[in-house]
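Reviewing the structure listed below.
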Amino acid sequence: MLYAILCYADEEKVFAWSKEEEAAVMGRLQAVQEPLARAGKLGPTGRLMPTTAATTVRKGRDEPLVVDGPFAETKEVLLGFYTVDVENLDEAIAFSKELSAVNPGSTSYEIRPFYVFHPGSSPT
């Protein structure tokens with residue numbers, strides 16, 4: 001089953017890390033990711049740029065409205081994501097708990113199953 005694991009955090013704190021703090025956190029996260037990667041269960045991962053770099057397209061009355069910034073105004077924002085192909089939700093939860101253990105601060109992980117859609121085919 002494919003799962004998206006969405007990482008939410010206080011971006012002001014994360015983007016204020018020193019280069020040394022950043023390297024240490026990323027090293028710990030890499031160590032947690034490595035077993036899933038070796039097993040072929042870890043798909044694309046990514047960190048999003050700060051919300052100050054975001055653009056939102058919102059449905060308007062006539063034409064979509066394009067605005068700078070994120071849609072939600074909150075301290076904890078979507079910071080990045082993991083995609084994993086694991087046996088079940090329990091395995092996705094276990095991986096998220098490992099990520100949480102090595103990631104400082106009030107980071108939270110939202111786990112959502114997803115389907116990959118290819119035009120002209122059934123969802124997989």
Side-chain angles (χ1 to χ4, degrees):
M1 180 68 161
L2 291 171
Y3 289 93
I5 300 175
L6 309 175
C7 176
Y8 291 87
D10 183 334
E11 73 177 345
E12 286 184 23
K13 291 180 181 176
V14 170
F15 286 101
W17 289 341
S18 68
K19 288 183 180 189
E20 294 78 18
E21 289 172 306
E22 173 82 12
V25 170
M26 296 311 287
R28 291 191 304 266
L29 290 171
Q30 181 65 36
V32 170
Q33 296 169 39
E34 188 59 33
L36 274 186
R38 277 194 315 270
K41 294 181 176 188
L42 182 64
T45 64
R47 178 187 278 176
L48 302 175
M49 295 299 294
T51 55
T52 55
T55 299
T56 298
V57 176
R58 181 187 272 169
K59 185 175 180 177
R61 284 189 167 161
D62 297 316
E63 294 291 322
L65 176 64
V66 178
V67 295
D68 290 338
F71 180 79
E73 294 184 22
T74 178
K75 261 190 183 176
E76 196 172 76
V77 298
L78 178 61
L79 186 65
F81 63 90
Y82 298 86
T83 54
V84 297
D85 187 1
V86 294
E87 295 299 317
N88 53 45
L89 179 58
D90 290 337
E91 193 174 351
I93 290 171
F95 178 63
S96 298
K97 285 181 176 180
E98 289 181 59
L99 292 169
S100 183
V102 299
N103 206 348
S106 61
T107 304
S108 61
Y109 294 91
E110 177 183 345
I111 303 167
R112 295 175 66 178
F114 73 94
Y115 295 109
V116 176
F117 292 99
H118 299 282
S121 66
S122 300
T124 57

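Since the structure is predicted, the reported quantities are computational estimates derived from the model, not experimental observations.
A donor-acceptor contact shorter than 3.5 Å links the side chain of Tyr3 to the backbone of Leu89. At distances below 3.5 Å, not a single donor-acceptor pair connects side-chain atoms of Ser100 with backbone N or O atoms of Ser96. Ser18 contributes a side-chain N or O that, together with a main-chain N or O of Glu21, makes up a donor-acceptor pair within less than 3.5 Å.
For the atom pair Phe114 CZ and Met1 CE, the distance stands at 9.5 Å (nearest 0.5 Å). Interatomic distance, Glu11 CD to Thr52 OG1, rounded to the nearest 0.5 Å: 6.5 Å. Taking CG of Leu2 as the start and OG1 of Thr83 as the end, the distance is 7.5 Å to the nearest 0.5 Å.
Heavy-atom minimum distance, Thr45 versus Leu42: CG2-CD1, 3.8 Å. Nearest heavy-atom pair across Phe15 and Leu48 is CZ-O, 3.6 Å. Between Glu91 and Glu87, the closest heavy-atom pair is OE1-N, 3.0 Å. Scanning both residues, Ala9 and Leu79, for their nearest heavy atoms gives CB-CD2, 3.9 Å. Counting all heavy atoms, side chain and backbone alike, Tyr8 lies closest to Leu78 at CD2-N, 3.4 Å. Closest approach of Arg28 and Val102 over heavy atoms only: NE-O, 3.0 Å.
By the rule that hydrophobic residues join a cluster once side-chain heavy atoms approach within less than 4.5 Å of another member, Ile93 and Ile5 end up as members of one cluster. Linking Ile, Leu, Val, Met, Phe, Trp and Tyr residues whenever their side-chain heavy atoms come within less than 4.5 Å places Met26 and Val14 in a single cluster. Hydrophobic cluster membership differs between Val77 and Met49, with clusters built from Ile, Leu, Val, Met, Phe, Trp and Tyr side chains linked at under 4.5 angstrom.
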So Phe95 and Val86, side chain to side chain contact (heavy atoms under 4.5 Å, CB included) or not? Walk me through it.
CA-CA 10 Å; Phe95 178 63; Val86 294; over 6 Å; no

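Using a 4.5 Å cut-off on side-chain heavy atoms (C-beta onward), Leu36 and Tyr82 make no contact. With a 4.5 Å cut-off on side-chain heavy atoms, Glu34 and Gln30 count as touching.
Annotation for Arg47: atom CZ counts as buried by contact number, over 12 foreign heavy atoms lying within 6.0 Å.
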